[in-house]
Visitor: 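First the structure, then my questions, so here it is.
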2 protein chains.
Amino acid sequence: MARPKSEDKRNAILDAATRVFAERGLTAAPTSEISKQARVADGTLFTYFKTKDDLINALYREIKLELADAMMSGFPRKKSVRTRLRHVWDAYVNWGVTHPKQRNVLAQLQVSGMLSKESIEAGSAPFVEMQNTIRDAIEQHILRVDLPIEMISKMLGALAEASMDLIVLKPAMAKKYRDGGFEIYWAGIARK
Amino acid sequence: MARPKSEDKRNAILDAATRVFAERGLTAAPTSEISKQARVADGTLFTYFKTKDDLINALYREIKLELADAMMSGFPRKKSVRTRLRHVWDAYVNWGVTHPKQRNVLAQLQVSGMLSKESIEAGSAPFVEMQNTIRDAIEQHILRVDLPIEMISKMLGALAEASMDLIVLKPAMAKKYRDGGFEIYWAGIARK
DNA sequence: CGTAGATATCTGATTACTCACTCATTTATA
DNA sequence: TATAAATGAGTGAGTAATCAGATATCTACG
């Protein structure tokens, strides 16, 4: 290899893409604006990502990985189910509130229909540990027996996202929303 | 007025827009494709909606109104809080499942940043009765006192949307998801 | 009832513009 | 010195919106 690709440039492009996508929307954002903000020439973007679609898929994987890192670092494997879920909840909500652009882009990506099967698969891979926690919980009869496993994780995501929306709207109430959200979740899924 | 605009044509355009937006995405959808599917000339679209942006905002209001109709028709004003919320839940979930394109477009619109303040206001106006129900419930101490009112409605929306996603994924489990979703919601917000 | 005129809609070719991507040339690194 | 990356003007494919001419519908009047 005569001249290697630069990891820095790749990251600069992904960073710029996050900003521009968040600001202008996935399809309305011109690649020229992304290369400009990344301080590379228009053509350079295409040596790192063959097409805009490629860039979008790569960005999705990148952000998902970041999120998984944030959620799974310090995961209390040995603690109670409630504690483990609470950890996931807090890490998720805190990440979302502190990374609004990434969260926004992720939301756009998930409804865009531009993600390949492979990207979607790759994106959900880092979250297996959470799935295991929930399986555990069901086997231990801590949760209502009549709830399918996929509901438990889906509802956590839904309520956490809703809590983030509220926190962004009224940051002063952050603690109340974060705690209250988890209370609703836990009371909703746990056995009496 | 020499020649009146036709309500039929307007509706045909809005209908076509729903289909095309759902299929191709808000910004990727060409107005020419919309006029084609509506069986009017390219120019005609612009006598009914000055700009594409106008069309988008009008469509948002239209769909929101439909949804409000579906949710509030047959609303059991005199029944218990639980029954009233259950009515709203079922109507919402059923509408979403039977109107997947409208639901998809609505989701796109809400994160698009293309909606005017007026449209957003107009869109939420028809849902006041639901807000009143929740206010009632809080005053009657049926719900946990520590939950802010905006959380109650936000979480209903979030859990209902999540339930719809699951139903679309596995239609055979529709009843289980719809009932289970509401159970989680009610157990989450109600006093013990 | 029928006709004329006024006015607005309808049409689709055209316009002005934007964008993803290419490519010939220059530059940096193994 | 060989090779790949970097550059940015250029290309072709689209796109929202316009506009001049054709057409439909309304009102007024005989």
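Chain naming here is simple, since letters A, B, ... match the order of the sequence lines and numbering starts at 1 in each. The structure displayed is predicted, hence computed values, not measured ones.
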Visitor: NA contact type, B:Tyr48, heavy-atom cut-off 4.0 Å: base, sugar-phosphate, or nothing?
Guide: sugar-phosphate
Visitor: Distance criterion of 3.5 Å, no angle test: do you see the side chain of B:Arg3 paired donor-to-acceptor with the base of C:dT9?
Guide: yes
Visitor: Whole Å only: how far is the CG atom of A:Leu55 from the P atom of C:dC19?
Guide: 16 Å
Visitor: Rounded to the nearest angstrom, tell me the gap between atom NZ in B:Lys5 and atom C1' in C:dA8.
Guide: 9 Å
Visitor: Classify B:Thr51 by what it touches in the nucleic acid, base, sugar-phosphate, or nothing, heavy-atom distance under 4.0 Å.
Guide: sugar-phosphate
Visitor: Taking only residues at least two apart or on different chains, which pairs with a member in residues 58-74 of chain B satisfy side chain to side chain donor-acceptor pair (under 3.5 Å)?
Guide: B:Arg10-B:Glu62, B:Arg61-B:Ser119
Visitor: Under 3.5 Å, which protein N or O atoms sit close to an N or O of nucleotides 7-11 of chain D? Give each pair with its distance.
Guide:
| residue | atom | partner | partner atom | Å |
| --- | --- | --- | --- | --- |
| D:dT7 | OP2 | A:Ala41 | N | 3.0 |
| D:dT7 | OP2 | A:Thr44 | OG1 | 2.8 |
| D:dG8 | N7 | A:Gly43 | N | 3.4 |

Visitor: Enter the inter-axis angle for the ends of the helix from C:dC1-D:dG30 to C:dA30-D:dT1 (five pairs per end, rounded to 10°).
Guide: 20°
Visitor: Measure the shortest side-chain to side-chain distance between A:Ser116 and A:Glu121 over non-hydrogen atoms and say whether it is less than 4.5 angstrom.
Guide: no
Visitor: Going by side chain to side chain contact (heavy atoms under 4.5 Å, CB included), name the residues that satisfy it together with A:Ala174, two or more places apart in sequence or in a different chain.
Guide: A:Ile167
Visitor: Can you figure out which of C:dT29, D:dC26, D:dA17 approaches the side chain of B:Pro4 most closely?
Guide: D:dC26
Visitor: Which pairs with one or both residues in residues 98-118 of chain A pass ring pair (Phe, Tyr, Trp, His ring centres under 6.0 Å), sequence neighbours excluded?
Guide: A:Trp95-A:His99
Visitor: Whole angstroms only, please: what is the CG-P distance between B:Leu26 and D:dA16?
Guide: 12 Å
Visitor: Applying side-chain hydrogen bond (donor to acceptor under 3.5 Å, both in side chains), name anything that partners B:Arg77, two or more places apart in sequence or on another chain.
Guide: B:Glu129
Visitor: Without decimals, in angstroms, what is the distance between B:Lys36 NZ and D:dA16 P?
Guide: 14 Å
Visitor: Filter on ring pair (Phe, Tyr, Trp, His ring centres under 6.0 Å), then keep only pairs touching residues 136-192 of chain A, sequence neighbours left out; what's left?
Guide: A:Trp89-A:Phe182
Visitor: Above 12 or not: heavy atoms from other molecules or residues under 6.0 Å from CD of A:Gln140?
Guide: yes
Visitor: In whole angstrom, give the distance that lies between atom CG of B:Asp54 and atom P of D:dA16.
Guide: 14 Å
Visitor: How long is the line joining CZ of B:Arg24 and C1' of D:dT15, in whole Å?
Guide: 11 Å
Visitor: What donor-acceptor contacts under 3.5 angstrom involve side-chain atoms of residues 15-23 of chain A, with partners at least two apart or in another chain?
Guide:
| residue | atom | partner | partner atom | Å |
| --- | --- | --- | --- | --- |
| A:Thr18 | OG1 | A:Leu14 | O | 2.9 |
| A:Arg19 | NH1 | A:Gln37 | OE1 | 2.6 |

Visitor: For A:Leu45 and D:dA5, what is the distance between atoms CG and P respectively, to the nearest whole Å?
Guide: 14 Å
Visitor: Quick one: A:Asp8 CG to D:dA6 P, roughly how many Å, whole number?
Guide: 11 Å
Visitor: If a pair satisfies salt bridge (Lys or Arg N to Asp or Glu O under 4.0 Å) and one of its residues is in residues 174-184 of chain B, list it, with sequence neighbours excluded.
Guide: B:Arg82-B:Glu183, B:Arg86-B:Asp179, B:Asp90-B:Arg178, B:Lys175-B:Asp179
Visitor: Return the nearest nucleotide to the side chain of B:Ala2; candidates are D:dT25, C:dC21, D:dT3.
Guide: D:dT25
